[in-house]
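A quick write-up on the structure given underneath.
Throughout, numbering of the chain's residues begins at 1 and tracks the sequence.
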Amino acid sequence: MCGISVIINGIKILEPINKKEDHQNKDIIEEKETTTITTTTTTTTTTTTPTSIVIGDYDKIKNDIESRLINRGPDSIRSKLIEIKCYQKDINKEITITMDLISSVLGLRGPLTIQPLTDSNNGNTFLWNGELFGGYEIGIHDNDTCLLLHLLSNINNKDDGDNEDKIERELVDIILKIKGPFAFLYWQEKKRKLWFGRDVLGRRSLLVNNETIINGKPSLIISSMGSFPNGIDDSVTLPKWDEINTFGLFSIHFPKIIETNEIHFKIHPWDISNVDSLNIGMISLDYDNDNDEEESNIIATPTTTTTTTTTTTTTTTTTTTTTTMNSSIETITTINKEGEEKEKINKNLINPAIKENDEQNIDQLHFYPFGRREKLNIEDEWSQQIFNDYVNGFYKAISDSINVRLNNLPIASLEIPDLIRPPFLPEKPLPLVSRLGILFSGGLDSMVLAAMSDKHMETPEEPIHLINVAFGDDDSPFEEYDKVPDRKAAISGLKELQTIAPNRQWKLIKVNVGTKEMEWAKKIVYQLSYPAITIMDMTICLALWFAGRGEGIIHGEEISHKQPEEKEEKEEGKKPKQQRYMTTCKVLLMGSGADEQLAGYFRHKSSFQRGSWPILQAELNKDFNRIWKRNLGRDDRVLSSNRREPRFPYLDESLISYLNGIELPYICDLSLAQGTGDKRILREVGRKLGLTESTKLIKKAIQFGSRSSKQLNKNVPARITQKCGKEVFSFTTPIYDPLQDPGYEASQKQKLKQKISLEKKEKRNKQKSEKKEKRINFKTQQPQDNENKEVKN
């Protein structure tokens with residue numbers, strides 16, 4: 001695993017020119033660029049380029065990026081500065097563009113390979129943040145970075161007379177063949193071209209900032225992590241970082257002669273069959289995080305950029321209507337209270353035929369490497385034998401996926417990673433040695449991962465760490481944390497695993513997060529999660545970040561507050577001190593992708609009820625299409641910052657391809673109750689592994705199962721927290737103000753009524769208990785009195 005970044009300084013890099021539509025839409029574009037947009041509270045003008053902001057000098061920005069990348073790759077960090085000379089015609093002068101390639105490395109596979117890695121024969125330079133799990137033959141201890149640089153450098157030997165498009169496609173095909181997560185940067189010295197991109201699922205983070213001025217010059221920064229040299233504060237304008245989309249690869253060519261101080265990047269889609277169907281940029285419009293009941297999502301790149309200046313603290317909305325050859329598209333730009341713009345297309349104004357066609361093209365861009373599910377329903381009656389065959393095939397697919405992710409685990413480390421610590425907990429935890437950790441909720445997905453991992457570890461006695469996180473109050477004893485839903489499921493799941501694999505050293509690490517620790521971590525997690533910064537994102541990322549740290553107490557080794565304490569501590573009234581441990585593993589398994597493919601969310605059941613299998617498949621497609629932006633890039637940034645590499649067995653390319661070949665009725669049966677028909681095929685795999693009660697569990701999102709949402713949104717009514725998906729998190733502005741809530745008084749009265757009712761009930765129960773105890777004492781006392789009378793007589 002690595003952290004990679006490039007800082008390009010001295011030239012403006014623009015969106016690609018859509019050659020096919022450029023001539024047709026020339027008049028329309030000119031008309032749009034001269035249109036004035038008005039709103040009631042802001043003055044708005046349309047420009048063709050975004051407004052740049054100055055965030056610091058070069059050294060300050062580079063140092064900040066390096067300080068963030070080092071946690072992704074603590075074993076080494078290096079940079080390589082490349083100077084590119086171009087003759088700029090409009091000023092009749094040669095200019096120098098600098099390109100600083102930066103990489104940090106966490107050694108996991110083969111000998112440690114320092115990056116950036118340069119081919120000594122041709123000067124090509126490669127920065128690789130990924131894992132080669134398939135696609136090319138490679139030994140389990142061989143280095144994939146060296147292999148891929150060799151394959152890519154061979155393209156450089158092609159004769160210049162060859163067709164350039166054909167050569168570029170050859171490079172795309174080399175990358176497309178890779179099975180495994182990745183993000184990369186690749187500099188072709190001879191061709192003066194920088195390539196970059198992510199895997200089609202977006203399992204590795206790659207962000208872009210194209211709106212920064214450094215040392216008075218336009219700049220573009222691409223990085224695994226966002227950079228915030230001026231810190232995080234609601235009053236500060238933050239650098240604009242966006243997820244690079246996963247529709248294909250990108251390249252930037254630096255010609256020897258340029259007209260002006262501007263060049264365009266180029267996109268190379270995975271699927272060339274519909275390359276002209278969509279106007280694809282480097283990023284896409286935001287998805288509606290909370291609106292999971294929408295029937296469709298449109299991904300597009302705006303042709304113009306709206307720049308808005310405002311000092312108001314309320315939300316402002318600007319509406320721009322653009323007429324195209326096929327439809328009228330309304331783009332709504334919302335300025336929230338932090339001054340950030342969010343754009344989305346008003347889908348009601350899009351021609352339905354165009355809309356459906358675009359959605360199919362977008363689906364194809366994502367499903368291209370795996371093949372889409374074509375059979376939504378079964379032709380004949382449902383067959384138990386066919387279902388059993390599919391279960392066996394899925395069992396093998398999961399087994400193969402986990403095997404390839406575990407057969408090259410690094411040697412177990414005896415030391416814990418050097419992670420940032422809160423000032424009030426300076427004492428480091430003891431190391432708990434293992435090569436593998438599993439983010440463990442005790443639910444179906446993580447239980448299957450744990451049970452299957454047991455079959456693929458080299459020795460049956462080798463420890464596997466099950467990491468479970470729970471949130472609560474600072475003064476709560478561990479018994480209170482054990483009442484959190486995910487903790488209860490994890491303890492129950494541990495017993496199941498100990499039953500089916502009694503020789504395995506299962507260690508349940510209970511990560512208990514109090515309010516003080518959560519408050520300390522909020523700014524750290526916010527910067528890692530960015531640009532995913534809704535309240536819902538924060539509740540998820542806080543849980544992931546603390547789980548990824550792997551620091552807690554061991555189940556079964558706790559010191560109970562009810563146990564007798566040492567005399568001195570008892571006299572002083574001190575609580576017993578729990579021994580904290582931290583896992584030394586460098587690899588974490590995570591269950592991401594199971595719900596999106598197997599209909600695990602409640603909204604999937606709602607979709608099925610609305611329109612049976614076609615509507616359900618459309619919902620699954622939507623989830624899968626947005627997983628790169630909504631989940632995986634964010635989760636990679638958060639988890640990798642703890643110097644551990646997350647791996648996602650349910651997102652293995654071969655496993656996805658296998659599932660897409662199965663008719664939906666054999667994947668799930670959403671006419672059945674939850675906990676039965678949802679993820680039905682995975683439940684059967686769990687039973688095949690020997691699991692019992694965990695195969696009946698209902699999906700509970702991590703923020704609710706761990707109670708991170710409850711802890712972050714304390715004293716906030718449920719009706720408010722349900723809207724967390726679209727509310728941007730703020731450090732200063734609370735999500736809820738009871739003084740502004742018309743229902744607050746009624747709510748408080750209801751709570752008081754419930755409290756009084758509960759107190760009365762407890763009082764009655766106590767009285768009943770006392771009466772029962774008196775009767776028991778009376779009955780036991782009577783025989784004793786009779787005995788005493790007999791003795792006297």
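Counting heavy atoms from C-beta on, the side chains of L194 and I8 come closer than 4.5 Å. Side-chain contact between L152 and I175: present, with at least one pair of heavy atoms (C-beta onward) separated by less than 4.5 Å. At least one side-chain heavy atom of R643 sits less than 4.5 Å from a side-chain heavy atom of D418. Under the 4.5 Å side-chain criterion, counting only non-hydrogen atoms from C-beta, N129 is in contact with R72. Considering only heavy atoms from C-beta on, I7 stays 4.5 Å or farther from L101 through its side chain. Side chains of F228 and W241 form a contact here, defined as non-hydrogen atoms less than 4.5 Å apart. No side-chain heavy atom of M282 sits under 4.5 Å from any side-chain heavy atom of F247. Counting only heavy atoms from C-beta outward, the side chains of C2 and W128 never approach each other to under 4.5 Å.
Judged by the 6.0 Å distance and 45° axis criteria, R626 is not positioned over the aromatic ring of W628.
The two atoms that bring L132 and I178 nearest to each other are CD1-CG2, 3.7 Å, heavy atoms only. Here the closest heavy-atom approach between residue L127 and residue S103 is recorded as CD2-CB, 3.7 Å. The shortest heavy-atom contact between L69 and S104 is O-OG, 2.6 Å. Across every non-hydrogen atom of L238 and G231, the tightest pair is CD2-O, 3.8 Å. Residues Y526 and M538 share a closest heavy-atom pair of CA-SD, 3.8 Å. For the pair T125 and P116, the tightest heavy-atom approach, listed with the atom from each and the gap, is CG2-CB, 3.6 Å.
Although no hydrogens or angles enter the test, the distance criterion places a donor-acceptor pair under 3.5 Å between the side chain of D142 and the main chain of G139. In this structure a side-chain-to-backbone donor-acceptor pair under 3.5 Å is present from S5 to I222. A donor-acceptor contact shorter than 3.5 Å links the side chain of D199 to the backbone of L201. A distance-only check finds a donor-acceptor pair linking the side chain of H264 to the backbone of E15 [under 3.5 Å]. Although no hydrogens or angles enter the test, the distance criterion places a donor-acceptor pair under 3.5 Å between the side chain of D75 and the main chain of G107. For T584 (side chain) and S413 (main-chain N/O), a donor-acceptor pair under 3.5 Å exists by modelled atom type. Side chain of R78 to main chain of I114: no donor-acceptor pair is present (N/O by atom type, distance under 3.5 Å, no hydrogens or angles). At distances below 3.5 Å, not a single donor-acceptor pair connects side-chain atoms of R637 with backbone N or O atoms of S224. In this structure a side-chain-to-backbone donor-acceptor pair under 3.5 Å is missing from N631 to D635. Judged purely by atom type and a 3.5 angstrom limit, N143 has no side-chain atom pairing as donor or acceptor with the backbone of T113.
Heavy atoms from other residues, nucleotides or ligands lying under 6.0 Å from NZ of K179 number 12 at most. The number of heavy atoms from other shown groups lying within 6.0 Å of CD1 (I91) is above 12. The number of heavy-atom neighbours closer than 6.0 Å to NE2 of H253, taken from other residues, nucleotides and ligands shown, is above 12.
Side-chain atoms of N9 and S219 form a donor-acceptor pair, as typed in the model, at a separation below 3.5 Å. Between the side chains of Y58 and D100, at least one donor-acceptor pair of N or O atoms lies under 3.5 Å. Looking at E211 and N209, their side chains never bring a donor and an acceptor atom within 3.5 Å of each other. Using modelled atom types, one finds a donor on one side chain and an acceptor on the other under 3.5 Å when comparing D119 with S153. S251 and K193 form no side-chain donor-acceptor contact under 3.5 Å, judged by distance and modelled atom types alone. Donor-acceptor pairing under 3.5 Å is recorded for the side chains of N124 and Y186. Counted by atom type alone, K217 and N261 present zero donor-acceptor pairs between their side chains at under 3.5 Å.
One distance of note links NZ of K85 with OG1 of T96; it measures 3.0 Å at 0.5 Å rounding. In this structure, CG in L207 is found 4.0 Å from OG in S205, a value given to the nearest 0.5 Å. Atom CG of D57 is separated from atom CG of N215 by 6.0 Å, given to the nearest 0.5 angstrom. In this structure, CG on D652 lies 7.5 Å from CZ on R203, to the nearest 0.5 angstrom. How far CG of L544 is from CG of L639: 5.0 Å, rounded to the nearest 0.5 Å. Remark: K522 NZ to C541 SG distance equals 14.0 Å, nearest 0.5 Å.
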Exercise for the section: Under the side chain to side chain contact (heavy atoms under 4.5 Å, CB included) rule, what do I221 and I61 come out as? Steps first, then yes or no, please. Expected result: CA-CA 10 Å; I221 308 174; I61 293 170; 4.0 Å; yes
Exercise for the section: Evaluate salt bridge (Lys or Arg N to Asp or Glu O under 4.0 Å) for E645 paired with K586, printing each intermediate quantity in order. Expected result: CA-CA 6 Å; E645 179 178 88; K586 294 183 179 180; over 6 Å; no
Practice task
Might you work through the side chain to side chain contact (heavy atoms under 4.5 Å, CB included) test for W195 and L185, ending with a clear yes or no?
Solution key: CA-CA 6 Å; W195 290 79; L185 296 162; over 6 Å; no
Exercise for the section: List the steps and the verdict of salt bridge (Lys or Arg N to Asp or Glu O under 4.0 Å) for D64 and R68. Expected result: CA-CA 7 Å; D64 186 72; R68 298 173 191 279; 2.9 Å; yes
Exercise for the section: List the steps and the verdict of side chain to side chain contact (heavy atoms under 4.5 Å, CB included) for K62 and S227. Expected result: CA-CA 9 Å; K62 182 178 178 181; S227 171; over 6 Å; no
Practice task
Please test I167 against N163 for side chain to side chain contact (heavy atoms under 4.5 Å, CB included), starting from the C-alpha separation and ending with a verdict.
Solution key: CA-CA 6 Å; I167 295 174; N163 182 279; over 6 Å; no
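Between E164 and K191 there is a salt bridge, since at least one side-chain N of the basic residue sits less than 4.0 Å from a carboxylate O of the acidic one. Ion pairing of R169 with D173 is present here, as a side-chain N (NZ or NE/NH1/NH2) and a carboxylate O approach within less than 4.0 Å. A salt bridge is defined here as a Lys NZ or Arg NE, NH1 or NH2 lying under 4.0 Å from an Asp or Glu carboxylate O, and K89 with E262 fails to meet this definition.
Aromatic ring orientation, F265 versus F250: perpendicular (interplanar angle above 60°, classes split at 30° and 60°).
The only option from R630, K629, R634, R198 that meets the side chain to side chain donor-acceptor pair (under 3.5 Å) definition with E243 turns out to be R198.
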